[in-house]
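Since the structure comes first, as structure tokens, the remarks are kept for the end.
Protein chains get the first letters and strands the later ones, always in sequence-line order, with residue 1 at the start of each.
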2 protein chains.
Amino acid sequence: MPATPPLTRIQIKNRQVILEAGLEVFSQHGFRGATLDQIASQAGLSKPNLLYYFPSKEAIHVALLSSLLDTWLAPLQALDDHGDPVAEILDYVRRKLALSRDFPRESRLFANEVLQGAPRIGGALGGDLKTLVDAKAAVIRGWGAAGRIAPVDPYHLIFSIWALTQHYADFDVQVRAVLGGEDPFPGAEAYLEQLFRRLLTA
Amino acid sequence: MPATPPLTRIQIKNRQVILEAGLEVFSQHGFRGATLDQIASQAGLSKPNLLYYFPSKEAIHVALLSSLLDTWLAPLQALDDHGDPVAEILDYVRRKLALSRDFPRESRLFANEVLQGAPRIGGALGGDLKTLVDAKAAVIRGWGAAGRIAPVDPYHLIFSIWALTQHYADFDVQVRAVLGGEDPFPGAEAYLEQLFRRLLTA
DNA sequence: GATTGATTTGACCAAACGGTCAACTGAAGG
DNA sequence: CCTTCAGTTGACCGTTTGGTCAAATCAATC
């Protein structure tokens with residue numbers, strides 16, 4: 001007894017099209033700044049047709065956020081207790097920076113939400129997110145206690161990785177304005193490797 | 001012949017009240033998410049009265065942004081060519097972190113604007129901001145060339161200071177959710193000093 | 001090719017929005 | 001007291017917005 005009937009091909013395709021359009025518009029203008037007309041136009045659908053697939057504007061936003069959270073936390077999930085500590089952390093930094101380079105809209109969508117107090121995703125922050133960070137912080141603390149990396153506060157280490165990598169997506173306009181249009185990412189990757197290597201092997 | 005007549009006491013006070021209310025509301029909801037009714041209510045004034053002092057919603061926003069930019073760049077302005085390099089940079093980090101602690105709303109207002117492509121302040125990014133950063137980057141590059149700090153890309157060094165300090169204001173909700181409500185700032189200050197000291201004296 | 005349910009849309013609605021205006025109030029100087 | 005002008009506001013307006021609905025169209029199955 002499936003409570004929800006199976007989706008047709010058209011439903012699968014149009015839901016995808018709408019989410020892609022919603023990502024484009026929400027990440028540019030924020031939740032309140034985005035309009036259903038904009039999203040519909042971007043998706044190539046009529047406004048009532050949007051609301052045939054999603055019950056409300058907020059439902060599109062929530063669907064985007066929750067499908068995003070997994071992708072966003074995957075790099076931290078992959079941090080391996082049994083790997084080489086410095087290499088593991090540097091890999092995490094690289095993976096997170098790659099997300100900023102390849103999925104800047106997702107980063108800005110998330111930033112917009114957190115910036116405004118995470119009204120539609122707040123629960124996940126103190127729940128899944130905190131659980132994961134607590135676990136990985138314990139791993140990092142263990143590495144420090146064993147003398148395999150220089151001692152650092154593991155929570156602020158994780159925050160600093162988030163801040164440094166997401167900055168290149170979220171503040172892209174500012175970064176490129178200062179650099180005069182040059183692509184920031186090659187330089188960023190080299191700089192961040194240098195920074196965390198020095199921090200962890202001091 | 002003063003083109004603009006002198007301001008009365010009431011004008012000075014009410015303009016200030018409106019800007020304070022606008023800061024509160026804009027920083028929480030963004031430009032599009034904020035309404036004149038919210039700002040008026042927060043300021044304890046009627047909506048038509050708001051528009052007696054500012055010609056439009058956008059005018060309030062622009063007034064906030066431009067008066068903010070100076071405050072925001074002051075810590076970088078203060079970076080002294082003739083001081084001790086490591087101490088100068090660490091002082092810059094501390095001053096910038098203090099801004100995040102003491103003026104989080106200003107930080108979020110700015111973040112909101114840049115996140116959405118800086119539509120109302122874009123010009124200043126490639127202008128005043130770039131000019132200042134170029135000048136200070138040259139100073140830092142000089143310190144590196146003279147062997148007084150470890151060699152680092154000065155632009156990414158500045159970006160990293162912005163990212164790390166503003167993160168604690170802009171992503172406050174997330175940081176506190178992970179830390180379980182604990183005040184992040186004491187730990188952040190210690191961590192950032194450690195990080196930049198190791199980076200610059202490697 | 002007829003039927004049935006999935007899909008699409010033009011027309012519409014109520015609420016919220018930024019902004020206007022004429023009229024009212026208050027305060028300061030003569 | 002009266003005049004004058006800064007300050008204030010209730011009522012209002014046109015537009016935009018999220019969302020609804022009945023009717024039309026399309027696609028799959030029999």
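- In summary, Glu182(B) and Arg176(B) do not engage in a salt bridge, as defined by a charged side-chain N under 4.0 Å from a carboxylate O.
- For the residue pair Arg120(A) and Glu58(A), the shortest heavy atom distance occurs at CG-OE2, 3.5 Å.
- Taking CG of Asp128(A) as the start and CG of Leu73(A) as the end, the distance is 8.0 Å to the nearest 0.5 Å.
- Within 4.0 Å of Phe54(B), counting heavy atoms only, lies no atom of the nucleic acid at all.
- The outermost nucleotides of DNA chain D lying under 4.0 Å from heavy atoms of chain B, listed 5' to 3', are dA6(D) to dT17(D).
- Remark: Arg101(B) fails to qualify as a cation-pi partner of Tyr168(B) under the 6.0 Å distance and 45° angle criteria applied to the six-membered ring.
- Side chains of Glu24(B) and Gln28(B): a donor-acceptor N/O pair is present below 3.5 angstrom, by distance only.
- Of the two residues contacting DNA chain C, namely Arg9(B) and Gln38(B), the nearest-nucleotide position lying further toward the 5' end is that of Gln38(B).
- Judged purely by distance below 3.5 Å, without hydrogens or angles, the side chains of Tyr155(A) and Asp134(A) pair a donor atom with an acceptor atom.
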Pull out every protein N or O sitting under 3.5 Å from an N or O of nucleotides 18-24 of chain C, one pair per line with the distance.
residue, atom, partner, partner atom, Å
dG18(C), OP1, Ala34(B), O, 3.2
dG18(C), OP1, Lys57(B), NZ, 2.8
dG18(C), OP2, Leu36(B), N, 2.8
dG18(C), N7, Lys47(B), NZ, 3.1
dG19(C), OP2, Lys57(B), N, 2.8
dG19(C), O6, Lys47(B), NZ, 3.2

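- Going from atom NE2 of His61(B) over to atom C1' of dC17(C) covers 17 Å, rounded to whole Å.
- The phosphate of dG10(C) (OP1 or OP2) has no side-chain N or O of Asn49(A) nearer than 4.0 angstrom.
- Within a 6.0 Å sphere centred on CZ of Arg105(B), other residues, nucleotides and ligands contribute more than 12 heavy atoms.
- Counting heavy atoms of neighbouring residues, nucleotides and ligands inside a 6.0 Å radius, atom CZ of Arg141(A) does not exceed 12 of them.
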